[in-house]
Amino acid sequence: MTLLKVNGTVVDVPPEYTLLQACEAAGAEVPRFCYHERLSIAGNCRMCLVELKGSPKPVASCAWAVRDCRPGPNGEPPEVNTRTKPVKKAREGVMEFLLINHPLDCPICDQGGECDLQDQAMAYGIDHNRYAENKRAVEDKYIGPLVKTSMNRCIHCTRCVRFSAEVAGVPELGATGRGEDMEITTYLESAMSSELQGNVIDLCPVGALTSKPYAFQARPWELVKTETIDAMDAVGSAIRVDTRGREVMRILPRLNEAVNEEWISDKTRFIWDGLRTQRLDRPYLRGANGRLEPASWTAAFGAIASAVRGKQGARIGAIAGDLATAEEMFALKALMHALGSQNIDCRQDGSTLDPAFGRASYVFNPTIAGIDSADAILIVGSDPRHEASVLNARIRKRWRKAELPIGLVGAPVDLTYRYEHIGAGPESLAQLASGEHSFAKVLRAAKRPIVIVGQGALARADGPAVLALAAAIARDGDRDAGWNGLAVLHTAAGRVGGLDVGFVPAAGAHSAIDMVREAGAGALDVLFLLGADEIDTAALGNAFVVYIGSHGDAGAERANVILPGAAYTEKSGTLVNTEGRVQRLRRAAFPPGDAREDWAILRALSDVLGHRLPFDSFGELRARMVAAHPHLGVEDGVVLHGPGALEALSVSKAKLGKAAFGNPIRDFYFTNAIARASAVMAECSALAAGRLAEAAE
């Protein structure tokens with residue numbers, strides 16, 4: 001640690017701190033535009049000038065390390081001042097230069113009201129500008145359907161360039177020209193392809209890069225802000241949903257160092273237009289003519305009661321979708337058990353994960369933050385870039401920080417970092433487990449290795465054997481005490497919560513894949529779909545299908561009865577992310593029309609079916625769920641499982657197959673019903689398909 005005097009206050013800071021960080025530690029505010037704590041130092045804007053005693057002129061605090069400061073003649077700590085007249089005059093001069101070419105278009109700028117340039121011009125600028133020449137004009141650039149450019153506003157801070165190259169790992173943005181001719185653009189003005197590109201909107205301090213879908217939609221002061229959790233993947237990113245009236249206007253990231261830091265994927269950020277379209281806002285019944293017709297709740301419930309009446313429990317089933325909350329699945333499980341059915345499943349993709357092997361067998365045991373301390377990573381049957389974009393950025397961050405050996409077993413993909421491709425399927429994994437492959441030595445020597453197992457390796461018949469092999473590799477070696485390196489990477493936000501509440505079939509009952517097959521064969525009479533759209537609905541035969549969901553997707557198209565539910569922004573509930581972190585959804589808007597929250601639909605339906613569920617409010621439902629599963633009552637809680645928790649996996653008797661591991665994500669932008677309803681996601685999907693076609697040629 002190093003002593004430093006900031007505005008008369010002595011602080012003790014690490015020597016690798018910059019003066020800017022030291023000033024902040026001392027409580028002194030230092031303005032900045034180009035500096036960002038998660039990006040490399042550029043020193044472009046010079047707004048962070050401070051006075052360092054002994055220096056002939058103000059210094060850029062973002063680029064000056066504490067260790068480079070000289071102590072006084074008698075050994076007193078170096079002195080830094082942020083409020084002196086020279087500093088004030090220097091900042092005013094820098095601000096004056098920054099505003100020389102900046103257009104006066106604040107009234108029509110989407111950044112207005114939350115703009116760093118506005119705020120700092122008010123706090124550190126002057127009330128006039130001596131520059132009377134013509135302002136330069138820069139043509140706006142096309143960089144894709146998500147980010148809108150107004151390059152006249154650009155101050156060349158290069159935050160966007162550094163983010164693209166360092167965090168996203170897709171260095172598509174760069175600068176051309178020098179001096180006043182410098183311009184930020186993509187190569188040949190092509191569209192950006194990163195799944196994290198929307199984060200440059202938050203990084204841009206001046207409104208040169210704004211959200212294209214959100215342009216001219218609303219002002220910040222019009223919006224009601226709700227802190228909640230993302231449901232587009234299983235990472236559980238912290239987000240803020242901004243609403244005006246009943247409509248979601250935009251989605252922004254929140255800071256959560258343990259999960260997403262301050263980044264979110266483009267699907268998370270731009271999904272909001274899909275919340276408005278193809279919505280189910282009233283119950284529907286399929287008539288004798290085969291068409292879905294609007295109906296009352298009473299008529300819809302009556303049709304379901306008629307279909308269920310007299311049916312044996314074994315001929316009734318329920319499948320929960322990827323966005324279902326733990327409370328909804330807990331309620332549906334109770335209803336199905338009351339009907340005498342054990343045919344329940346939350347694993348639409350056919351995953352073989354089983355809670356019977358313990359919770360450590362289906363969560364990301366090292367935790368997402370644990371990636372920062374990993375010393376080797378093996379990826380099995382997964383494409384983290386498209387399955388969990390923010391988590392993939394964390395792996396890249398660790399890879400950039402220091403040497404990190406990474407191996408991949410599965411289809412070769414661009415992960416934005418270098419890795420060794422070990423093989424395509426289970427045989428390669430078996431070679432690693434037996435020590436035949438050279439990468440096995442790397443894993444055995446590692447103290448904190450992580451073995452990431454994706455659904456591409458688990459949603460297959462030999463999934464249990466693959467998981468057992470991965471667990472053996474994670475345990476084999478001289479590990480740090482308590483380190484559990486088995487990391488199951490989920491793709492569905494509701495999957496871990498479903499496994500936690502036991503929404504899986506009992507012994508002898510049917511899984512999701514079995515239920516689809518049995519329905520097609522006529523052995524299943526009634527099937528409840530709780531937002532389940534990723535199954536083969538065309539194979540359900542003549543089964544009576546009840547769909548509870550928010551969007552008119554595949555499940556609703558096949559349904560005999562549709563009960564309109566709420567989207568994830570319109571309800572409260574519990575989601576458990578891939579690392580087992582318990583997180584709370586909070587309602588930001590209300591469902592449209594006659595749609596209701598899913599738990600309330602199930603409670604009302606249970607009355608009609610003659611099996612009344614024992615709760616009358618959401619609070620009572622959650623209390624019952626927590627009583628049955630106490631760990632779900634600790635918000636933001638993560639239960640850590642030691643390596644001993646993996647012992648049950650070693651008894652798997654399933655045989656390994658020979659087929660190569662696949663990737664469960666075929667189209668990053670179309671992974672659920674909300675995404676498929678989004679026009680913005682459709683445009684992004686078309687662009688991605690075009691790039692793939694060009695690459696194939």
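More than 12 heavy atoms of other residues, nucleotides or ligands lie within 6.0 Å of NZ in Lys225, so this atom counts as buried by the packing criterion. Within a 6.0 Å sphere centred on CD of Glu139, other residues, nucleotides and ligands contribute 12 heavy atoms or fewer. With a 6.0 Å radius and a threshold of 12 heavy atoms from other residues, nucleotides or ligands, Glu180 has its CD atom at or below the threshold. Other residues, nucleotides and ligands contribute only 12 or fewer heavy atoms inside 6.0 Å of the CZ atom of Arg46. Enclosure of atom NZ in Lys441 is not indicated, since only 12 or fewer non-hydrogen atoms of other residues, nucleotides or ligands lie within 6.0 angstrom. Heavy atoms of other residues, nucleotides or ligands lying less than 6.0 angstrom from CZ of Phe97 number 12 at most. Other residues, nucleotides and ligands contribute over 12 non-hydrogen atoms within 6.0 Å of the NZ atom of Lys401.
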Name each donor-acceptor pair under 3.5 Å that joins a side chain in residues 156-163 to protein atoms two or more places apart or in another chain, with its distance.
| from | atom 1 | to | atom 2 | distance (Å) |
| --- | --- | --- | --- | --- |
| His156 | NE2 | Arg136 | NH2 | 3.1 |
| His156 | NE2 | Met182 | O | 3.0 |
| Thr158 | OG1 | Asn44 | ND2 | 3.0 |
| Thr158 | OG1 | Arg162 | NE | 3.2 |
| Arg159 | NE | Phe33 | O | 2.7 |
| Arg159 | NH1 | Leu203 | O | 2.8 |
| Arg159 | NH2 | Phe33 | O | 3.0 |
| Arg159 | NH2 | Tyr35 | O | 2.8 |
| Arg162 | NE | Thr158 | O | 3.2 |
| Arg162 | NH1 | Cys34 | O | 3.3 |
| Arg162 | NH1 | Ser40 | O | 2.5 |
| Arg162 | NH2 | Cys34 | O | 2.6 |
| Arg162 | NH2 | Cys157 | O | 2.9 |

If you look only at distance, which donor and acceptor atoms sit under 3.5 Å apart when one is on a side chain in residues 59-77 and the other is two or more places apart or in another chain?
| from | atom 1 | to | atom 2 | distance (Å) |
| --- | --- | --- | --- | --- |
| Ser61 | OG | Cys48 | O | 2.7 |
| Glu76 | OE1 | Asn74 | N | 3.1 |

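Ring geometry for Tyr417 against Trp399 counts as tilted: the plane angle lies between 30° and 60°, on a 0 to 90° scale.
In this structure, the side chain of Gln197 engages the main chain of Ser194 through a donor-acceptor pair within 3.5 Å.
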- Begin from the C-alpha positions of Ile184 and Thr149 and carry the test side chain to side chain contact (heavy atoms under 4.5 Å, CB included) through to its verdict. CA-CA 10 Å; Ile184 304 295; Thr149 61; over 6 Å; no
task = Begin with the C-alpha distance, continue with both residues' side-chain angles, and end with the deciding distance and a verdict on salt bridge (charged side-chain N to carboxylate O under 4.0 Å, His left out) for Glu222 and Arg244.
result = CA-CA 7 Å; Glu222 297 178 292; Arg244 185 176 61 189; 3.5 Å; yes
Q) Are Asp372 and Lys397 close enough, and set up right, to give a side chain to side chain contact (heavy atoms under 4.5 Å, CB included), and what steps lead you there? A) CA-CA 8 Å; Asp372 295 343; Lys397 171 187 171 184; 4.1 Å; yes
Could you please spell out the steps behind the salt bridge (charged side-chain N to carboxylate O under 4.0 Å, His left out) verdict for Arg38 and Glu257?
CA-CA 12 Å; Arg38 302 190 196 278; Glu257 295 289 357; 2.6 Å; yes
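Atom-to-atom distance recorded for Arg448:CZ and Ile377:CD1 is 12.0 Å, nearest 0.5 angstrom.
Between Glu29 and Tyr124, the closest side-chain pair of non-hydrogen atoms falls below 4.5 Å.
The side-chain tip of Lys267 points at the ring of Phe668 from less than 6.0 angstrom away and within 45° of straight on.
A side chain to side chain contact (heavy atoms under 4.5 Å, CB included) with Glu579 holds for exactly one of Val259, Leu640, Val363; it is Val259.
Under the side chain to side chain contact (heavy atoms under 4.5 Å, CB included) criterion, Pro145 pairs with Tyr142, Glu683, Cys684, Leu687, not counting sequence neighbours.
Counted by atom type alone, Glu387 and Ser382 present one or more donor-acceptor pairs between their side chains at under 3.5 Å.
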